[in-house]
Amino acid sequence: MHQITIHIGHKADGFVFRLDPRSEAWIKTLTGRLQSLPSVSIGFDERSSIENISNEIFEQVAEMLTGIDGEKLAAMGIHFVDARTERTVHTI
């Protein structure tokens with residue numbers, strides 16, 4: 001079974017989340033359709049680190065990007081990877 005990888009890009013006022021192209025192709029194979037959204041942006045009033053994002057936000061972002069509900073996603077395994085460092089910063 002594959003795991004889903006979501007890349008986190010940095011913006012001056014927040015983060016942008018995108019599915020890894022391999023994960024996108026795998027989800028399309030499983031569901032017969034593309035994900036719900038191509039990217040999700042989260043803005044902050046103050047400069048924040050990725051580690052300050054709550055688990056609930058990670059779960060909601062994953063659902064929005066994949067179109068798959070949380071229980072099914074948790075069974076698949078999701079890795080959120082910092083696009084700058086390629087370091088996994090969160091897993092579901």
Side-chain angles (χ1 to χ4, degrees):
M1 178 177 280
H2 297 265
Q3 293 182 331
I4 296 170
T5 300
I6 297 174
H7 294 281
I8 306 170
H10 299 258
K11 298 183 353 175
D13 61 346
F15 305 102
V16 177
F17 298 82
R18 284 187 165 72
L19 276 173
D20 179 86
R22 291 171 296 226
S23 295
E24 185 176 342
W26 182 57
I27 290 167
K28 185 176 180 185
T29 300
L30 286 177
T31 64
R33 61 183 168 80
L34 292 175
Q35 77 279 1
S36 295
L37 298 172
S39 67
V40 173
S41 296
I42 305 243
F44 294 99
D45 291 336
E46 298 177 13
R47 188 90 173 130
S48 183
S49 72
I50 294 170
E51 287 79 12
N52 291 338
I53 299 172
S54 71
N55 190 49
E56 292 81 18
I57 299 240
F58 281 113
E59 290 174 8
Q60 290 172 359
V61 166
E63 287 182 18
M64 287 187 283
L65 288 173
T66 64
I68 299 171
D69 70 49
E71 285 185 25
K72 290 179 185 174
L73 285 173
M76 292 176 178
I78 304 168
H79 293 270
F80 287 84
V81 176
D82 186 322
R84 286 183 187 165
T85 65
E86 294 296 319
R87 179 178 63 96
T88 298
V89 296
H90 188 77
T91 57
I92 296 176

Could you grab the distance from atom [atom1] of [X] to atom [atom2] of [Y], nearest 0.5 Å is fine?
X	Y	atom1	atom2	result
Ile8	Phe58	CD1	CZ	4.5 Å
Gln60	Ser54	CD	OG	7.5 Å
Glu24	Thr5	CD	OG1	12.5 Å
Leu30	Ile68	CG	CD1	6.5 Å

Review point. Is it the case that one hydrophobic cluster holds both Val16 and Val89, taking links as side-chain heavy atoms less than 4.5 Å apart, direct or via other members?
Key: no
Check your understanding: If two hydrophobic side chains count as joined below 4.5 Å and joins carry through other members, does Ile42 share a cluster with Val81?
Key -> no
Search all heavy atoms of [X] against all heavy atoms of [Y] and return the closest pair with its distance.
X	Y	result
Ile4	Ile27	CD1-CD1, 4.0 Å
Phe17	Ile6	CB-CG2, 4.0 Å
Gly70	Glu63	N-OE2, 3.0 Å

Check your understanding: So, Ser39 side chain and Arg18 main chain: donor-acceptor pair closer than 3.5 Å or not?
Key -> no
Check your understanding: His7 and Glu86: side-chain contact (heavy atoms from CB on, under 4.5 Å), yes or no, with the steps?
Key -> CA-CA 8 Å; His7 294 281; Glu86 294 296 319; 4.3 Å; yes
Review point. Hey, are the side chains of Lys72 and Thr66 touching, using non-hydrogen atoms and a 4.5 Å cut-off?
Key: no
**Study point:** Side chain proximity check, Leu73 to Ile92, heavy atoms < 4.5 angstrom
**Key:** no
Practice item. Answer with yes or no after comparing the ring centroid distance for His10 and Phe15 against a 6.0 Å cut-off, counting only values under it. Key: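 Centroid distance His10-Phe15: below 6.0 Å, so yes.
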**Study point:** NZ/NE/NH1/NH2 to OD/OE distance under 4.0 Å, Asp20 and Arg22
**Key:**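 Salt bridge between Asp20 and Arg22, a charged N being under 4.0 Å from a carboxylate O: yes.
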Check your understanding: Taking it one step at a time, do Thr91 and Gln3 satisfy side-chain contact (heavy atoms from CB on, under 4.5 Å)?
Key -> CA-CA 10 Å; Thr91 57; Gln3 293 182 331; over 6 Å; no
Exercise for review: Before giving the answer on side-chain contact (heavy atoms from CB on, under 4.5 Å), spell out for His90 and Ile78 the whole-Å C-alpha distance, their side-chain angles and the decisive distance to 0.1 Å.
Suggested key: CA-CA 8 Å; His90 188 77; Ile78 304 168; over 6 Å; no
